[in-house]
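Not measured: the values here are computed from a predicted model.
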Protein chains: 2
Amino acid sequence: MNIAAPSIENARPFTRACVWHKLLANKIVEVAEKIKKLGQDDPRRIVHSLKVGLALTLVSLFYYIQPLYDRIGENLIWAVMTVVLVFEFSVGATLGKGLNRMIATFSSGALGYGVHYLATLAGEKGEPIVLGFFVVIIAATVTFVRFFPTMKTRYDYGLLIFILTFTLVSVSSYREDKVLRMAHQRVTTIIMGSFIAIVTCICIRPVWIGEELQNLVANNIEKLGNFLQEFSGEYFKISEDGQPLSDKPFLQGYKSLLTSKNTEETMANLARWELWHYRFGFCHPWKQYVKIGTLTRQCAYKIDALNNYLNSKIQTLSEFGSKIQDPSTEICSESGKALRELASTVKKMNQPTSVNAHIENLKTASEYLKFMLDTYHLKDANLQDIIPSAEVALTLIDVVPCIVKIADAVHELASLAHFKTPATRVSP
Amino acid sequence: MNIAAPSIENARPFTRACVWHKLLANKIVEVAEKIKKLGQDDPRRIVHSLKVGLALTLVSLFYYIQPLYDRIGENLIWAVMTVVLVFEFSVGATLGKGLNRMIATFSSGALGYGVHYLATLAGEKGEPIVLGFFVVIIAATVTFVRFFPTMKTRYDYGLLIFILTFTLVSVSSYREDKVLRMAHQRVTTIIMGSFIAIVTCICIRPVWIGEELQNLVANNIEKLGNFLQEFSGEYFKISEDGQPLSDKPFLQGYKSLLTSKNTEETMANLARWELWHYRFGFCHPWKQYVKIGTLTRQCAYKIDALNNYLNSKIQTLSEFGSKIQDPSTEICSESGKALRELASTVKKMNQPTSVNAHIENLKTASEYLKFMLDTYHLKDANLQDIIPSAEVALTLIDVVPCIVKIADAVHELASLAHFKTPATRVSP
């Protein structure tokens, strides 16, 4: 449908209304489809939205039920705010924000009360000066502390709330006589709100960010494995056909890895808050996942080079090319197997079993390919015929140490996190 | 100093105290040095911290000065909160949060009042049910809307505040009779707080995130240029020396590019809020910076491959190697010049002048190198001698289209943003 704007302007009012009506209907359908897709891509988003609604209803009950309201009164507003601000998609993020908020409110409330006490000693005229002085000093200091990378990653929200509560308590203490009561009520309601948010988040279909990170890292390793396992087949096929490869989706999977650094680091930081997860327990080595992620990404840069050869250099297979086909295929296939096993190790939290055998085969194949390249003697060949295959061979040789590093890091993870040894099946 | 723990345990109390004292002093010195370094790395951090303190003092004045307090009263608490929550390091982030907060508070306050009016129609018993129903529906819907990528990047904070204010107004309307007054006061104080935060942020040594993004993108292009300009010299030098290169810092500069995607996107999103910047004006094409950033990153992946050749393959220069030295050096030098000029174009917002000439030279050199590779005839050479140099040559040829793409994108930026033509100097 191609409706040009001028034709609408000149049309009769009825036609114009019809056209706008259709355009509006199309727009609505489009938005509805987007919403549907968003929900279908990850149904947990719908569940999360409903959970937020539920948590807010729970906290509103305190307003509606008289005996509950009598106890806390107007300050319930803080509990409502806490639920809205603390409730996040994953358990880790909710716990992190909730704990940060509770601890920061408590400590800064106490500090604010102390400063109020000091200020009252300074007399009526001195009080605002002392209060103002402390607000500037403490707010500026804590703001500066927020720039420390280690503080920023884990306690940024807590530091923000610290400034907030401290300023609120100390400044309003100038007008409010019952400072201690106010500080106490704020702490109570915030603990109440955090508690409601955390419980709702954990009890109803929780999204554990630790599991997400584990799956992400495992899937990334698997993507590399899939690429390598398909690569040799595709490369030597196009070489034989002399036809370019249409971009196949399973060969493009690795691309998301290239820029996943920040996501992985954020997830690892949030996962540390999930202290009570049944699978991981306390002190799970989350940093090791980031390390594996980094090694995987370095390997992905090389894979990217391989992918470029696949797309750009369409050559019929030279004599040299067919000579390196076997060891190259061997490297690809063994890499694929090793990486897939490593991915399953991370996902299922089992000790890796057959990885070492694949790695050994991989090393042997790589040595053999290197030997072939070193000893191949050029007779009367054209450089153009040799180079593309030689480049692929050299890149494959380069990929091998990357895979060995990933395997080492996964082994380290398995020992740090005490992965279980899978039960060996006894034949009946 | 190497003090083992057991020796402390067994020492006499006085010695023990001395040792702990020293350890503590060392720790304090260490932290102080970290703080100093953080401030020295970017002195604007100290300025920002003081600005936050100042803004809080300004907003506290309303508490301390009786006539001001009489007008607004207890609800001033919202202004203090707004200053703490809205004040960010850069103008773009502060404006974004401030505008989001003001608009969201205003619209959700109005909606909350409407829902309160509807609920009162339902009678005393029906009121909490109607209120609860609307809270669940609207909170869940808006939470779901936050998952839309376009909403998330620009309006996430506003949507959060929308849920917050709506819930507060509609829920507390059950207990408070003067809902309209409450909503009105909340809107006024939040506008006041946002205004103080924005004015302080802009008037005292502002950090414009648009400028930051511009510099980041320009510096990234420059880093690639520096690498390429140094590369050929270093590569053919090591080849002649047969000595490995120690990692030189100017050759490692490009590494930060590889994972800068998220930073650039966030900055471009925030820069859009800086509507009033004197240099950029309305509708500056911030998206184009992200595009240039992406192209720069793709080029950096290839540069990474070049860097690997520099570090791993130490070979004496073969006959073939010395043959390709001239065109390779030409490519590197022309790329370097082109990229540096492009960086300066972006930084100074001038139309590029001599870039096209460099690009033409670059293409010619690349064609020549390609021709050499195609026609070079291998006689009795060993593959091992040829491959390293050939790989470098092929990668350099691969880099050329990347640079052309970057140049095109910068030209597009220059025309979109109406960069000025530099005044041609007339000789006296």
Side chain, backbone, both or neither: which part of B:Leu258 has a non-hydrogen atom closer than 4.5 Å to chain A? both
When rounded to the nearest 0.5 Å, the distance separating CZ of A:Phe87 from CG of B:Leu160 is 12.5 Å
With a 4.5 angstrom heavy-atom cut-off, which part of B:Ile138 approaches chain A: side chain, backbone, both or neither? neither
If you tally heavy-atom pairs under 4.5 Å against chain B, which of A:Ala139, A:Gly53, A:Pro128 wins? A:Pro128
Rounded to the nearest 0.5 Å, what separates atom OH in A:Tyr309 from atom CG in B:Leu394? 8.0 Å
Identify which part of B:Ile129 has an atom lying under 4.5 Å from any heavy atom of chain A, answering side chain, backbone, both or neither. neither
Side chain, backbone, both or neither: which part of B:Gln66 has an atom under 4.5 Å from a heavy atom of chain A? both
With only heavy atoms counted, which part of B:Tyr63 is less than 4.5 Å from chain A, the side chain, the backbone, both or neither? both
Closest-packed option against chain A by number of heavy-atom pairs under 4.5 Å, given B:Ile163, B:Ile77, B:Val135: B:Ile77
Under 4.5 Å from any heavy atom of chain B, what part of A:Tyr174 do you find: side chain, backbone, both or neither? side chain
Between B:His48 and A:Phe144 (judged by ring centroids, cut-off 6.0 Å), do the two rings come close enough to count as a pair? no
Nearest 0.5 Å, please: how far is CZ in A:Phe148 from CZ in B:Arg45? 9.5 Å
Of all of A:Leu168, A:Thr395, A:Thr141, A:Leu54, which one pairs up most often with chain B through heavy atoms under 4.5 Å apart? A:Leu168
Once you round to the nearest 0.5 Å, how far does OG1 of B:Thr150 lie from NZ of A:Lys34? 6.0 Å
Residue from A:Leu164, A:Val52, A:Val80, A:Thr57 scoring the most non-hydrogen pairs under 4.5 Å with chain B is A:Leu164
If you compare all heavy atoms of A:Ala140 against all heavy atoms of B:Ser49, which two are closest, and at what distance to 0.1 Å? O-CB, 3.2 Å
Please work out whether the ring planes of A:Tyr301 and B:Tyr301 are parallel, tilted or perpendicular, with thresholds of 30° and 60°. tilted
Of the listed B:Ile137, B:Leu131, B:Leu85, the one with the largest count of heavy-atom pairs under 4.5 Å with chain A is B:Leu131
Among A:Thr167, A:Val171, A:Val136, A:Ile161, residue most engaged with chain B (heavy-atom pairs, under 4.5 Å): A:Val171
Under 4.5 Å heavy-atom distance to chain B, tell me which part of A:Tyr69 shows up: side chain, backbone, both or neither. side chain
Can you measure from OG1 (B:Thr165) to CE (A:Met81) and round to the nearest 0.5 angstrom? 8.5 Å
Looking at chain B, which one of A:Thr263, A:Leu76, A:Asp304, A:Ile35 has the largest number of heavy-atom pairs inside 4.5 Å, strictly under? A:Ile35
Let me know if B:Lys302 has heavy atoms under 4.5 Å from chain A in its side chain, its backbone, both or neither. side chain
With only heavy atoms counted, which part of A:Leu58 is less than 4.5 Å from chain B, the side chain, the backbone, both or neither? neither
Largest heavy-atom contact set with chain B, pairs under 4.5 Å, which of A:Pro149, A:Ser170, A:Ser172, A:Ala305: A:Ser172
B:Phe133, CZ atom: more than 12 neighbouring heavy atoms under 6.0 Å: no
